[in-house]
Amino acid sequence: MHTMEFTAKQVADMINGRVEGNPDAKINTFAKIEEGKEGAISFLSNPKYTAYIYDTKSSVVLINEDVELTQPVTCTLIRVKNAYESVAKLLQLYASMMPKKTGVDPLAFVSKTAKIGENVYIAPFAYIGENVTIGDGTRIFPHVTIYDGCQIGKNVTIHAGSVIGADGFGFAPNQEGYDKIPQIGIVVIEDDVEIGANTCVDRSTMGQTIIHKGVKLDNLIQVAHNCEIGENTVMSAQVGMAGSTKIGAWCMVGGQAGFSGHIKVADKTFVGAQAGVIGNTKGDGEQLIGAPAVNPKMYFKARALDAKLPDMYKEIAALRREIEELKKTK
């Protein structure tokens, strides 16, 4: 926490926790429980890490109310209902205490026709094109490029190297090669969206590519032309979306998942890592894994059969030989 210092009791009061041990234990930083050090606060939520609590060097550890320890500990404990949620809240409090940069850095390029809201931060070497609009409280980090005409909402964060509004991938084959289809639409990013580093959101052929309110995109994601991502959907790194894919609200998408174009993914769909979604989904909290993506029961049944295929092949070959022999005896 840099120069900020708190006691275990002060931290417990912030998160409605209960102190076990020294309420005056000093905390000035965060650390993972296995990398603990004096003055640090750690947390224990994954049972796999329980063994570390007995010899961690951290001064304070957040721990769930219902965890029973089998040995005494030297650190001070703060018992909470949910240690993971509590450490998230503390990190948010910590971040809110840090001074926030605002203003347009002189090394950024911002078109004279762009409209920039209040308390916006635009970092060095960012590029903001003509007629771009950026809402209040938005943060644009170094080397972000926002092409002409795109609309960015309030309290959006776009991390380094991301590109908003590059041309969608539109080409029509002809006898000599390909004709480029002009991409004359824009990208609209609504409020409270966070976009990771080196992620690309392409402008639409016509109309809008839309990232709705509260969406969180990881690094290295490709959102193609005319796609739409519903409110509060989250996507891990390296997800790829083909053109005109519509993703619903509150979906969770694992890393390297891929989506065919012109499909609709219903609200609250869970898509596992490296899944390949090639058709419309049902909704109702559906879970999909594998490529082509299917429900987990179907996937694991099929994978179990995969292991048996070599033996099944041998059996079929043997049966064929037997049938041939039987034919000869007739």
Side-chain donor/acceptor pairs under 3.5 Å, residues 96-108, sequence neighbours excluded:
unit_1	atom_1	unit_2	atom_2	d
S96	OG	L93	O	2.6
D105	OD1	L107	N	2.8

Mind listing the side-chain donor-acceptor pairs of residues 214-223 below 3.5 Å, one per line with the distance, residues two or more places apart or on another chain?
unit_1	atom_1	unit_2	atom_2	d
K216	NZ	D192	O	2.7
D218	OD2	A237	N	2.9
N219	OD1	A197	N	2.7
Q222	NE2	D202	OD2	3.2

List the atom pairs, with distances to 0.1 Å, where a side-chain N or O of residues 260-275 and a protein N or O form a donor-acceptor pair under 3.5 Å, not counting sequence neighbours.
unit_1	atom_1	unit_2	atom_2	d
D267	OD1	A249	N	2.8
T269	OG1	A266	O	2.7
Q274	NE2	Q256	OE1	2.6

Sequence neighbours excluded and cut-off under 3.5 Å, please list the side-chain donor-acceptor pairs for residues 45-52, or say none.
unit_1	atom_1	unit_2	atom_2	d
N46	OD1	K48	N	2.9
T50	OG1	P47	O	2.8

Item to complete: For F6 and N28, run side-chain contact (heavy atoms from CB on, under 4.5 Å): C-alpha distance rounded to whole Å, both residues' side-chain angles, the deciding distance at 0.1 Å, then the answer.
Response: CA-CA 7 Å; F6 298 90; N28 55 36; over 6 Å; no
Item to complete: Decide yes or no on side-chain contact (heavy atoms from CB on, under 4.5 Å) for T281 and L288, but give the supporting numbers first.
Response: CA-CA 9 Å; T281 70; L288 296 168; 3.7 Å; yes
Fill in: Trace of the side-chain contact (heavy atoms from CB on, under 4.5 Å) decision for I53 with V67
CA-CA 12 Å; I53 200 166; V67 174; over 6 Å; no
Worksheet item: Can T133 and I116 be said to form a side-chain contact (heavy atoms from CB on, under 4.5 Å), step by step?
Response: CA-CA 6 Å; T133 60; I116 311 298; over 6 Å; no
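Proximity of V201 to V163: side-chain heavy atoms (C-beta onward) are nowhere separated by under 4.5 Å. By the 4.5 Å heavy-atom criterion applied to side chains, F30 and L90 are counted as neighbours. Looking only at side-chain heavy atoms (C-beta outward), V253 and V234 stay at 4.5 Å or farther from each other. Counting only heavy atoms from C-beta outward, the side chains of S86 and I15 approach each other to under 4.5 Å. By the 4.5 Å heavy-atom criterion applied to side chains, I63 and F43 are not counted as neighbours. In this structure, the side chains of L44 and L62 stay at 4.5 Å or more apart for every pair of heavy atoms. Counting heavy atoms from C-beta on, the side chains of M235 and M241 come closer than 4.5 Å. By the 4.5 Å heavy-atom criterion applied to side chains, V188 and I211 are not counted as neighbours.
Connection of Y147 to V156 is not established within any shared hydrophobic cluster, with ILVMFWY side chains joined at heavy-atom distances below 4.5 Å, either directly or through further cluster members. L69 and I78 end up in different hydrophobic clusters when Ile, Leu, Val, Met, Phe, Trp and Tyr side chains are linked at under 4.5 Å. Clustering ILVMFWY residues whenever any of their side-chain heavy atoms sit less than 4.5 angstrom apart, transitively, puts I247 in the very cluster that holds V277.
Of all heavy-atom pairs spanning H159 and F141, the tightest one is ND1-CD1, 3.8 Å. For T138 against I152, the heavy-atom pair with the smallest separation is CG2-CG2, 4.2 Å. For E65 against K81, the heavy-atom pair with the smallest separation is CG-N, 4.2 Å. Taking all atoms of both residues into account, the shortest heavy-atom contact from Q287 to P296 is O-CD, 3.4 Å. Closest approach of G36 and T56 over heavy atoms only: CA-OG1, 3.8 Å. Shown here for A40 and S58, the closest heavy-atom pair between the two residues is O-CB, 3.7 Å.
By the 6.0 Å contact criterion, CE on M206 is open, its count of non-hydrogen atoms from other residues, nucleotides or ligands being 12 or less. Heavy-atom contacts from other residues, nucleotides or ligands closer than 6.0 Å to CD of Q71 number more than 12. Atom OH of Y178 has 12 or fewer heavy atoms from other residues, nucleotides or ligands within 6.0 Å. The local environment of CD in Q10 is crowded, with over 12 non-hydrogen atoms from other residues, nucleotides or ligands closer than 6.0 Å.
The hydrophobic cluster around M298 extends to I289, V294, Y299, F300, counting ILVMFWY residues whose side-chain heavy atoms fall within less than 4.5 Å of a member.
Remark: the backbone N or O of Y121 is not paired with any side-chain donor or acceptor of R139 at under 3.5 angstrom. Using modelled atom types, one side-chain atom of S59 and one backbone atom of G39 make a donor-acceptor pair closer than 3.5 Å. Between the side chain of K246 and the main chain of G230, no donor-acceptor pair closer than 3.5 Å is present. Side chain of S162 to backbone of C200: no donor-acceptor contact under 3.5 angstrom is found. Remark: side-chain polar atoms of T233 are paired, donor with acceptor, to backbone N or O of W250 under 3.5 angstrom. Side chain of D136 to main chain of G117: no donor-acceptor pair is present (N/O by atom type, distance under 3.5 Å, no hydrogens or angles). Remark: the backbone N or O of D66 is not paired with any side-chain donor or acceptor of N64 at under 3.5 angstrom.
Side-chain N/O atoms of N174 and D179 include a donor and acceptor closer than 3.5 Å. At a cut-off of 3.5 Å, with distance as the only test, a side-chain donor of Y54 or T70 sits close to an acceptor on the other residue. At a cut-off of 3.5 Å, with distance as the only test, a side-chain donor of E190 or H212 sits close to an acceptor on the other residue.
By the ring pair (Phe, Tyr, Trp, His ring centres under 6.0 Å) test, Y127 is found to be paired with F109, residues two or more places apart in sequence or in another chain being considered. Q183 meets the side chain to side chain contact (heavy atoms under 4.5 Å, CB included) test with D167, I181, R203, T205, H225; sequence neighbours excluded. With sequence neighbours excluded, the residues satisfying side chain to side chain contact (heavy atoms under 4.5 Å, CB included) with R320 are I316. Residues passing the side chain to side chain donor-acceptor pair (under 3.5 Å) test with E315, sequence neighbours excluded: none. Here Q151 pairs with nothing under the side chain to side chain donor-acceptor pair (under 3.5 Å) rule; sequence neighbours left out. The side chain to side chain contact (heavy atoms under 4.5 Å, CB included) test applied to T76 returns A8, V19, N22, A25, V60, not counting sequence neighbours. In this structure K9 satisfies the side chain to side chain contact (heavy atoms under 4.5 Å, CB included) test together with T7, D13, P23, sequence neighbours excluded.
With respect to D306 and R303, a salt bridge is recorded, a charged nitrogen being found less than 4.0 Å from a carboxylate O. A salt bridge does not link E324 with R321: every distance from a Lys NZ or Arg NE/NH1/NH2 to an Asp or Glu carboxylate oxygen is 4.0 Å or more. Ion pair R18/E20 flagged as a salt bridge, since at least one NZ, NE, NH1 or NH2 atom sits closer than 4.0 Å to an Asp/Glu carboxylate oxygen.
Atoms NZ and CG, on K154 and D191 in that order, are 6.5 Å from each other to the nearest 0.5 Å. For the atom pair CD1 (I210) and CD (E228), the distance works out to 4.5 Å, reported to the nearest 0.5 Å. Note that the CD1 atom of I128 and the OG1 atom of T113 stand 11.0 Å from one another [nearest 0.5 Å]. Atom CD1 of I41 is separated from atom CD1 of I33 by 11.0 Å, given to the nearest 0.5 angstrom.
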